[in-house]
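All residue numbers refer to positions in the sequence shown, counting from 1. A quick note: this is a predicted structure, and the numbers were derived from the prediction, not measured. Note: hydrogens, waters and symmetry copies are ignored here, and every other heavy atom, side chains too, is used.
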Amino acid sequence: MAGSAFGPDITFLGVPRCDLDDKSSYADADVVILGAPLDGGTNYRAGTRFGPSALRQACYLPQDGSRPSLALRVDGLKDLKVYDAGDVTLYSGNIEAAVKNIEEDVYKIASSGAIPIILGGDHTIAWPDHTGVARHHGFGKVSMIHFDAHADTGDISQGSLIGHGTPMRRLIESGALRGDRFLQLGLRGYWPDEPVLEWMAQQRIRSYEMTEIVARGLEDCLTEAFDIATDECEGVFLSVDIDVCDPGCAPGTGTPEPGGFTARQLLDTVRRICYELPVLGIDVVEVSPPYDHADITALLGNRVVLEAVSAIARRRRDQAQGTRWDPTQPLLAGRGFDEQMRLITEGEEARRRGEGGKPHHHHH
């Protein structure tokens with residue numbers, strides 16, 4: 001049974017464990033969380049091997065396997081069957097073997113019918129993560145929405161085909177991911193160079209750089225991306241590089257690039273994707289605790305996972321009940337106090353219409 005490779009042997013916020021070698025331990029799972037503590041693919045500052053441990057425990061509330069969402073009115077960790085399979089057994093220095101092991105474990109989860117949520121690790125893992133899901137649902141059948149400051153479409157990085165600057169090229173070259181069903185949001189800065197951009201254009205990748213997102217508005221860009229992502233595909237893989245956020249919101253990452261999303265924008269967007277689209281897999285990568293301040297980045301990454309799980313839970317509940325989540329609803333709407341207000345208001349309206357609500361006795 002794989003526990004946590006680095007740090008205390010804990011599960012994500014205290015959800016129950018499962019063992020990927022014992023199918024019965026996750027036969028009823030809706031979601032299985034898996035740690036992939038690989039940082040052998042980083043080309044600058046490492047430390048993401050400590051990401052899974054930090055993401056599992058970054059929270060000020062009890063590690064009790066329950067998190068009722070104020071906004072979505074579900075408890076994702078309770079309403080869905082969520083298990084934690086521990087960390088993939090890997091040696092960060094043997095990247096070829098590591099990506100094989102990650103792919104196999106993700107495939108076990110996807111083929112069981114559950115949604116894998118992989119805690120990184122550096123972005124190298126997106127290649128085996130998406131491939132493991134695509135092996136189950138069909139190569140070319142799983143689109144990807146990718147949040148990142150960087151395109152990750154390089155070809156060879158320091159002599160290696162495998163690394164955190166190249167996973168998206170490996171995915172597209174392998175056929176697991178269609179180039180024209182690969183959507184990137186949040187790109188900015190000073191990489192990649194022209195030859196890589198040319199290759200991306202040939203693959204018909206749709207990349208939304210921050211300037212376009214700001215000029216057009218994030219919501220419009222997302223709506224457009226959603227149409228592409230659901231066309232001729234079974235569902236979507238969501239890959240979240242925490243450096244899509246501004247370093248002010250996510251300092252603990254290997255290659256910070258100023259000018260990114262706010263934490264609020266990232267959480268709202270992840271919620272919208274997981275509520276509106278059929279999500280088949282998720283990874284949250286590039287949280288590097290050694291570079292973090294006051295756990296800011298780990299806390300955000302933890303909330304990305306919770307937001308996703310809560311939105312999936314709400315999507316399933318609404319589908320089952322024929323209801324629709326209303327983001328404009330006040331927090332206390334429909335709760336105890338509100339019922340009294342309704343009766344009072346009805347009484348007022350009746351009086352106004354002269355239907356003789358409660359008579360008023362005027363005491364002089």
Side-chain angles (χ1 to χ4, degrees), residues 44 71 123 126 143-154 164-165 167-168 177 179-231 236-277 279 282-288 291-293 296-297 299-301 303-305 307-308 311 327-328:
Y44 187 46
H123 219 150
S143 59
M144 182 185 279
I145 297 179
H146 167 217
F147 289 94
D148 206 325
H150 310 98
D152 294 355
T153 48
H164 75 165
M168 306 316 177
L177 174 63
D180 61 353
R181 293 294 177 273
F182 176 40
L183 301 123
Q184 305 184 296
L185 290 109
L187 304 189
R188 58 190 186 276
Y190 303 90
W191 184 86
D193 57 9
E194 204 52 47
V196 174
L197 294 169
E198 283 292 334
W199 180 85
M200 291 166 66
Q202 284 162 14
Q203 309 308 312
R204 300 182 38 219
I205 293 168
R206 184 61 171 95
S207 303
Y208 296 83
E209 197 262 346
M210 281 306 296
T211 305
E212 180 187 352
I213 291 172
V214 170
R216 293 181 55 195
L218 178 57
E219 293 305 316
D220 283 359
C221 293
L222 285 175
T223 301
E224 184 177 277
F226 287 11
D227 285 345
I228 301 169
T230 49
D231 182 35
V236 179
F237 188 98
L238 173 59
S239 190
V240 180
D241 185 328
I242 209 70
D243 77 19
V244 74
C245 281
D246 191 88
C249 299
T253 194
T255 46
E257 181 64 60
F261 280 27
T262 62
R264 181 74 259 152
Q265 285 174 311
L266 177 59
L267 293 173
D268 283 347
T269 302
V270 167
R271 178 193 289 171
R272 190 178 158 195
I273 288 167
C274 292
Y275 182 67
E276 293 184 19
L277 302 182
V279 171
I282 301 170
D283 61 26
V284 180
V285 301
E286 297 289 349
V287 172
S288 185
Y291 289 92
D292 210 358
H293 301 277
I296 293 173
T297 318
L299 285 162
L300 176 57
R303 288 329 197 227
V304 167
V305 175
E307 204 65 71
T328 66

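With hydrogens and angles disregarded, a donor-acceptor distance shorter than 3.5 Å links the side chain of Gln184 to the backbone of Ala151.
Nearest approach of Asp246 to Gly260, heavy atoms of both residues: OD1-N, 3.3 Å. Closest approach of Thr262 and Cys245 over heavy atoms only: O-SG, 3.7 Å. Nearest heavy atom pair, residue Glu212 against residue Ser207, reads OE1-O, 4.0 Å. A pairwise comparison of heavy atoms in Pro192 and Met200 identifies CG-SD, 4.3 Å as the closest pair. Taking each heavy atom of Ser288 and Gly254 in turn, the nearest pair found is CB-N, 4.4 Å. In plain terms, the two heavy atoms of Phe261 and Gly186 that are nearest each other are CE1-CA, 4.0 Å.
Interatomic distance, CD of Glu224 versus OH of Tyr208, reported as 3.5 Å (0.5 Å rounding). Taking CD of Gln203 as the reference point, atom OG1 of Thr153 lies at 9.5 Å (rounded to 0.5 Å). Here Leu185 contributes atom CG and Glu209 contributes atom CD; the two are 11.5 Å apart, rounded to the nearest 0.5 Å. To the nearest 0.5 Å, atoms CD1 (Ile228) and CG (Leu183) are separated by 5.0 Å. A distance of 8.0 Å separates OG of Ser143 from CG of Leu177, quoted to the nearest 0.5 Å. One distance of note links CZ of Arg181 with CE of Met144; it measures 14.5 Å at 0.5 Å rounding.
Not counting sequence neighbours, the partners of Asp268 by the side chain to side chain contact (heavy atoms under 4.5 Å, CB included) test are Arg264, Arg271. Applying the side chain to side chain contact (heavy atoms under 4.5 Å, CB included) rule to Ala149 yields the partners Arg188, Asp243, Glu257; only residues at least two apart in sequence or on another chain are considered. With sequence neighbours left out, Glu219 forms a salt bridge (Lys or Arg N to Asp or Glu O under 4.0 Å) with Arg272. Partners of Asp180 by side chain to side chain contact (heavy atoms under 4.5 Å, CB included), not counting sequence neighbours, listed by chain and number: Arg178, Arg204. Residues meeting the side chain to side chain contact (heavy atoms under 4.5 Å, CB included) test with Pro251, sequence neighbours left out: Asp292, His293, Ile296, Thr297.
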Kindly indicate, with the supporting measurements, whether the criterion side chain to side chain contact (heavy atoms under 4.5 Å, CB included) is fulfilled by Ile242 and Leu266. CA-CA 9 Å; Ile242 209 70; Leu266 177 59; 4.2 Å; yes

Run the side chain to side chain contact (heavy atoms under 4.5 Å, CB included) check on Asp152 and His164 step by step: do they pass? CA-CA 7 Å; Asp152 294 355; His164 75 165; 5.8 Å; no

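In this structure, the side chains of Phe237 and Asp283 come closer than 4.5 Å at one or more pairs of heavy atoms. You'll find the side chain of Leu277 reaches within 4.5 Å of the side chain of Ile145, heavy atoms only. Proximity of Phe147 to Leu238: side-chain heavy atoms (C-beta onward) are separated by under 4.5 Å at one or more points.
Partner of Val270 under the side chain to side chain contact (heavy atoms under 4.5 Å, CB included) criterion, chosen from Ile282, Val279, Val304: Val304.
Between His123 and Asp148, the side chains place a donor N or O and an acceptor N or O closer than 3.5 Å (distance only, hydrogens not considered).
Applying the ring-ring contact (aromatic ring centres under 6.0 Å, His included) rule to pairs touching residues 181-203 yields His146-Phe182, sequence neighbours excluded.
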